[in-house]
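Whatever order the structure lists ligands and atoms in, that order sets their numbers, starting from 1. Quantities reported herein were computed from a predicted structural model and do not represent experimental measurements.
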Amino acid sequence: MRGPLWVKDDSANPTHSFKDRVVSVALTAARGLGFSRFACASTGNLANSVAAHAARAGVPSIVFIPGDLETGKVITTAVYDRDLVAIEGSYDDVNRLCSELVETDEFEDTAFVNVNVRPYYAEGSKTLGYEVAEQLGWRLPEQVVIPMASGELLTKIDKAFTELVEIGLVEAPANGWRVFGAQSAGCNPIAVALHQGAEEIVPVKPTGIAKSLNIGDPAAGLYALEAVRRTGGWMDYADDDEIRDGIRQLARTTGVFAETAGGVTVAVLRKLVESGKLDPDAETVVFNTGEGLKTLDAVADLVGPTYRIKPSLRGAREAGLLH
Ligand SMILES: Cc1ncc(COP(=O)(O)O)c(C=O)c1O
């Protein structure tokens with residue numbers, strides 16, 4: 001990259017992912033609408049955030065997750081001591097079950113943030129776009145690279161930029177902004193549809209280490225496709241080794257330790273530059289949406305102490321730290 005490259009680091013929110021934005025909007029609305037219990041279907045980060053918000057608000061919650069989530073994501077939900085249901089199945093199974101539960105009498109008073117109050121949850125993603133404009137001094141970048149699971153975040157960052165221009169708070173860049181989407185090779189249905197020029201998204205069974213992005217049947221996938229096509233952007237996907245490299249590259253070049261979703265985004269940024277799809281001279285914002293401490297296993301085998309020594313000068317000398 002030759003042009004300015006910014007990392008919008010959204011991993012330092014109260015539960016360490018961008019999901020705190022969407023949950024605070026959705027659950028504020030849910031309380032106003034009279035719901036008395038909070039819930040969600042989650043790939044991990046949403047579960048953390050719903051349980052924490054429920055604890056803070058003193059409201060019961062019940063969150064549903066796939067049974068094979070990373071320990072870091074399970075503990076950081078369970079610690080809030082609200083109901084946590086691990087399902088023997090994929091996120092798409094979890095989501096389908098939640099869509100059925102929401103119709104039952106027992107769940108009538110329950111706001112599922114990404115099911116029956118989803119419009120509020122979706123609009124909450126726009127704040128990430130607003131904040132980028134604000135932090136750039138009320139300007140928009142020329143290119144943004146965004147991780148995709150359901151595709152909602154990408155769609156809503158584009159919507160945020162559109163709204164800011166419409167109300168006259170910012171001017172669009174001379175050639176508009178271009179939206180780029182990032183998925184993993186283990187779960188790439190939106191990117192594949194773009195590559196194939198398709199008008200429909202064929203669901204996949206997700207695999208791979210980027211579990212927070214493992215939504216095989218993405219609810220906002222078609223909208224994400226539309227935004228990327230309309231703005232002249234592109235999408236790509238990265239395999240597990242590339243994701244691990246992406247995490248390490250971001251860490252050693254910026255000091256930001258990302259979870260696997262951030263690794264996906266950085267790895268895809270690199271591919272987009274190499275393939276010429278992304279202009280290396282244009283101002284670009286890449287989004288880190290989650291904290292590396294939640295997915296330690298992704299890099300645990302690749303990093304460790306540089307030296308292991310006895311606690312003595314001799315030990316330091318023997319290791320070559322002293323001459
Ligand atoms: C860390 C992280 N980044 C990005 C996303 C993608 O969000 P969306 O479903 O809005 O595409 C998720 C979804 O769970 C996530 O956990």
Side-chain angles (χ1 to χ4, degrees), residues 7-13 15-23 25-26 40-50 63-66 69-70 72-73 76-77 90-92 94-95 113-115 118-129 144-160 179-184 187-191 201 206 208-225 227-228 235 237-238 243 246-247 250 256-268 286-295 298:
V7 178
K8 173 56 181 161
D9 181 20
D10 220 35
S11 64
N13 292 324
T15 69
H16 306 285
S17 84
F18 90 98
K19 294 289 182 183
D20 288 325
R21 297 172 179 276
V22 297
V23 170
V25 173
C40 67
S42 176
T43 56
N45 286 310
L46 193 61
N48 296 166
S49 187
V50 169
V63 305
F64 296 83
I65 55 172
L69 274 195
E70 302 95 336
K73 295 267 170 69
T76 48
T77 300
S90 67
Y91 169 82
D92 298 286
V94 174
N95 192 37
V113 298
N114 52 344
V115 184
R118 189 172 177 98
Y120 298 98
Y121 155 95
E123 293 291 299
S125 285
K126 291 192 305 191
T127 62
L128 201 41
V144 284
V145 186
I146 304 165
M148 298 186 297
S150 70
E152 202 74 76
L153 175 64
L154 180 145
T155 309
K156 293 303 184 290
I157 287 175
D158 174 64
K159 186 174 180 189
V179 178
F180 296 83
Q183 293 202 290
S184 74
C187 183
N188 55 7
I190 318 177
I201 291 171
I209 62 170
K211 294 188 180 184
S212 59
L213 302 183
N214 276 353
I215 297 185
D217 190 5
L222 288 178
Y223 301 112
L225 272 181
V228 167
M235 297 177 182
Y237 48 86
I243 295 167
I247 292 173
L250 185 67
V256 173
F257 181 24
E259 71 142 88
T260 46
V264 166
T265 312
V266 171
V268 165
V286 54
F287 290 81
N288 174 39
T289 47
E291 161 67 60
L293 293 173
K294 293 197 209 184
T295 60

Quick one: look at Leu153 and ligand 1, take heavy-atom pairs under 4.0 Å, and tell me if it's side chain, backbone, both or neither. both
Between Thr289 and ligand 1, which part of the residue brings a heavy atom under 4.0 Å of the ligand: side chain, backbone, both or neither?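 Both backbone and side chain.
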Got a second to check how far [X]'s [atom1] is from [Y]'s [atom2], nearest 0.5 Å?
{"X": "Lys294", "Y": "Thr15", "atom1": "NZ", "atom2": "OG1", "answer": "5.0 Å"}
{"X": "Thr295", "Y": "Phe257", "atom1": "OG1", "atom2": "CZ", "answer": "6.0 Å"}
{"X": "Leu153", "Y": "Thr289", "atom1": "CG", "atom2": "OG1", "answer": "7.0 Å"}
{"X": "Ile201", "Y": "Asn188", "atom1": "CD1", "atom2": "CG", "answer": "11.0 Å"}
{"X": "Gln183", "Y": "Thr265", "atom1": "CD", "atom2": "OG1", "answer": "10.5 Å"}
{"X": "Leu46", "Y": "Ser212", "atom1": "CG", "atom2": "OG", "answer": "11.5 Å"}

Considering distance alone, does some N or O of [X] sit under 3.5 Å from an N or O of ligand 1?
{"X": "Thr43", "answer": "yes"}
{"X": "Ala261", "answer": "no"}
{"X": "Pro147", "answer": "no"}

Going by the order shown, which atoms of ligand 1 are within less than 4.0 Å of some heavy atom of [X]?
{"X": "Glu259", "value": "1 (C)"}
{"X": "Leu213", "value": "3 (N), 4 (C), 5 (C), 6 (C), 12 (C)"}
{"X": "Glu152", "value": "8 (P), 10 (O), 11 (O)"}

Taking OH in Tyr120 as the centre, count heavy atoms belonging to other residues, nucleotides or ligands within less than 6.0 Å. Is the count above 12?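 Open: at most 12 neighbouring heavy atoms sit under 6.0 Å from OH of Tyr120.
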Work out whether the distance between some heavy atom of [X] and some atom of ligand 1 is less than 4.0 Å.
{"X": "Leu46", "result": "no"}
{"X": "Phe18", "result": "yes"}
{"X": "Lys156", "result": "no"}
{"X": "Ser17", "result": "no"}

Closest protein heavy atom to atom 16 (O) of ligand 1, given as residue, atom name and distance to 0.1 Å: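 The closest one turns out to be Asn45 ND2, 2.9 Å.
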So which protein heavy atom does atom 9 (O) of ligand 1 come closest to, and at what separation?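 Of the protein heavy atoms, Ser150 OG, 2.7 Å lies nearest.
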Checking side chain to side chain contact (heavy atoms under 4.5 Å, CB included) for the pair Val50/Cys40: CA distance, chi angles, key distance, verdict? CA-CA 7 Å; Val50 169; Cys40 67; 3.8 Å; yes
Within-4.5 Å side-chain heavy-atom neighbours: Ile209 and Ile243: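 Answer yes - side chains close enough.
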Run down the list Gly44, Ser49, Ala149, Gly290 and name the one with the heavy atom closest to atom 6 (C) of ligand 1.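 Checking each option, the heavy atom nearest atom 6 (C) of ligand 1 is found in Ala149.
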State which residue, out of Val145, Val144, Ile146, fulfils the side chain to side chain contact (heavy atoms under 4.5 Å, CB included) condition with Phe180.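 Only one option passes, and that is Val145.
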